[in-house]
Amino acid sequence: MTGIIMAFNKYKTASGLIGIYTSEFVGLKWFRQFFGSVYAWRLIRNTFLLNFYSLVFGFPIPILFAIAVTQIYNEKLQKFVQISTYIPYFISTVVVCGIITNFLSPSDGIVNRILNKLGFESINFLSLPQWFRPIYVISGSWQTFGFNSIIFVAAIMGISPELYEAMKIDGANKRQIITKLVLPSIKPTVILILIMTLGRIMNVGFEKVYLLYNPATYETADVIQTYVYRQGILSNNYSYSAAVGLFNSIVNFTIVYFANRLSRKLTDTAVW
Amino acid sequence: MKFRESNVGDKIFDILVYTFVAIAVVVCVYPFIYIVSVSISSGAAVNRGEVWLYPVDLDFEAMKTVLGYTQLWVSYANTIFYTVVGTFLNMVFTCFAAYPLSRKSFFLRRRLNFLLAFTMYFSGGLIPIYIVVTGLGLYNSRWAMLLPVLVSAYNVMICRAAFESVSEELYENAALEGANDFVILYKIAIPVIKPTLAVLTLYYAVAHYNDFFNAMLYISDRSKEPLQSFLRRVLLQASMEIMQTTSLDMAALNQSTLQVRYVCIVLAIIPVLIFVPFVHKYLVQGTMLGAVKG
């Protein structure tokens, strides 16, 4: 709760921890300042869009991949496929961003070398605002699809073998087994994961944005949390950025709350 | 499933499935092969752009340069310290938090469970946490890497679900034998949910190993910095730090910057590549648990 109080008063570091409670009360001043600034709309849009695209591209792939993986009947091969696709998930953000920047480097990155071979000019991806979202979304999907598919693989493995047998006796082909048996069986899992993902919609992997963006790409890359970091920790506007952070939390919580209610109504599955 | 009769539709389906899976594997594995190949090829070959898949003219010069750099080992040692001590503390406190929350006889159970879930979605945010941590005098202290991440609400929930799945009779029998809660927790509950604890250990360990943000906020002293801070400087801030400490001339320097970076990536991911496949079995089990209990 301490952080919430700070957003409504004029906190200064010199007053120490106690100062959080004793600083001068200023009401909604910081919120007004934020929404009156040019940043508010840009930050909300960027935060939302990065997440929205990550969801649109990142959500279906693990499900499709899980279905494909469970179609492999050779156990060793299946294990190999799973391990090699979820390893990127365990690589640190710093290293992933290091790989991205070095692969995309205009002088010696492999991506531009391939482009040159194909007869295109080098592109300085990381300094062009229009490239930030694709880079963020594609690399995010690359890193997480294998790991996120584990949960769906588990759900598919949980389907009783008798149901497969019954469908086969009835003469179903593989496509029919997928659409009529597998997809309906994993629906509750899919919805549960979707809600949990929605809950984080305003919570982008902010470390990755922080490591990849630069003033040239702020226009599409700057998100609420990076702004909070710059304002709060680099410029010492503690109370102001606490207010911006609080706004982010409120939006987040509201989205989860309604997503959860909606899901309870539609499907009887809910996170709480 | 093994004796199914195949028809044309199923064949096409199989081809599509295997193509999709093959692309996925290549996309995930190729970058790492490429990085390893560049890091152990000769600088000249890399510069001419000859390395695409296999290493060209094996040469460990870049590797030697990096391995000879003291700060790498200092930060590596710090990371190992943070990971080992941090993960141990995480597991102790996660169990201590999850066990009471799983017992129906605990009178605050429902309320505390709600508060726990609440913190996952609603927090004061970065600034208040920063002020509290620095206000407590943890700036530039090793504790700053351990205390703020002592328990994760999500992991406590997974652990709680696992404790709940243990049959109540086991607990009752132990209580009848005269065991108190500490004994029950240590002798009965923990051994029963070992697979879940293995997964949580992995999650915590990976989080500690990969943590750069806490280090960026709270650690400025190079002798306490973890590996990720070091990597950030080398990989992302175009730092010539490593180069300045070696006796290479400028031409050779420019040539091998890329290689030095790739060597650092290789060194950083080796532990991950070694440990993760070992816990594959538990990972699948543990995730399944999370899926069922949410």
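So that the names make sense, note that chain A is the first sequence line, chain B the second, and so on, each numbered from 1. All figures in this text were calculated on a predicted structure; none of them were measured in a lab. All heavy atoms count here, side chains included; hydrogens, waters and symmetry mates do not.
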Closest-packed option against chain B by number of heavy-atom pairs under 4.5 Å, given A/Ile67, A/Val95, A/Asn102, A/Ile114: A/Asn102

Under 3.5 Å side-chain donor-acceptor pair for B/Asn78 and B/Tyr76: no

Residue part contacting chain A, namely of B/Val206, when any heavy atom lies under 4.5 Å: side chain

Side chain, backbone, both or neither of A/Leu64 within contact of chain B (heavy atoms, under 4.5 Å): both

Pairs of heavy atoms under 4.5 Å with chain B: top-ranked of A/Ile91, A/Thr101, A/Val81, A/Ile61: A/Ile91

B/Asn210-A/Thr93 side chain donor-acceptor pair, cut-off 3.5 Å: no

Per-residue contact mode, B/Val51 against chain A (heavy atom under 4.5 angstrom): backbone

Pair B/Leu53-B/Tyr30, side chain to side chain contact (heavy atoms under 4.5 Å, CB included): steps then yes or no: CA-CA 8 Å; B/Leu53 180 64; B/Tyr30 175 74; 3.8 Å; yes

Salt bridge A/Arg175-B/Asp10, side-chain N to carboxylate O under 4.0 Å: no

Aromatic ring pairing B/His280/A/Tyr86, orientation class (parallel under 30°, perpendicular over 60°, tilted between): parallel

B/Leu217 and B/Phe213: CA distance, side-chain angles, deciding distance, side chain to side chain contact (heavy atoms under 4.5 Å, CB included) verdict: CA-CA 6 Å; B/Leu217 288 180; B/Phe213 194 66; 3.6 Å; yes

Chain B interface, residue from A/Ile99, A/Ile250, A/Leu211, A/Asn173 that has the most non-hydrogen pairs under 4.5 Å: A/Leu211

Most chain B-contacting option - heavy-atom pairs closer than 4.5 Å, from A/Ile72, A/Ile178, A/Val69: A/Ile72

B/Tyr209 versus chain A, the contacting section by heavy-atom distance below 4.5 Å: neither

Pair B/Ser75, B/Glu225: side-chain N/O donor-acceptor within cut-off below 3.5 Å: no

Heavy-atom contact with chain A under 4.5 Å, split by part of B/Ala268: side chain

Per-residue contact mode, A/Phe145 against chain B (heavy atom under 4.5 angstrom): side chain

Cationic N near anionic O, under 4.0 Å, B/Arg232 to A/Glu207: no

Neighbour count >12 (heavy atoms, 6.0 Å) for atom CZ, B/Phe275: no

Chain A contact via B/Tyr262 - which portion, at a heavy-atom distance below 4.5 Å: side chain

Contact origin within A/Phe103 toward chain B - heavy atom pairs under 4.5 Å: both

Contact origin within B/Leu16 toward chain A - heavy atom pairs under 4.5 Å: neither

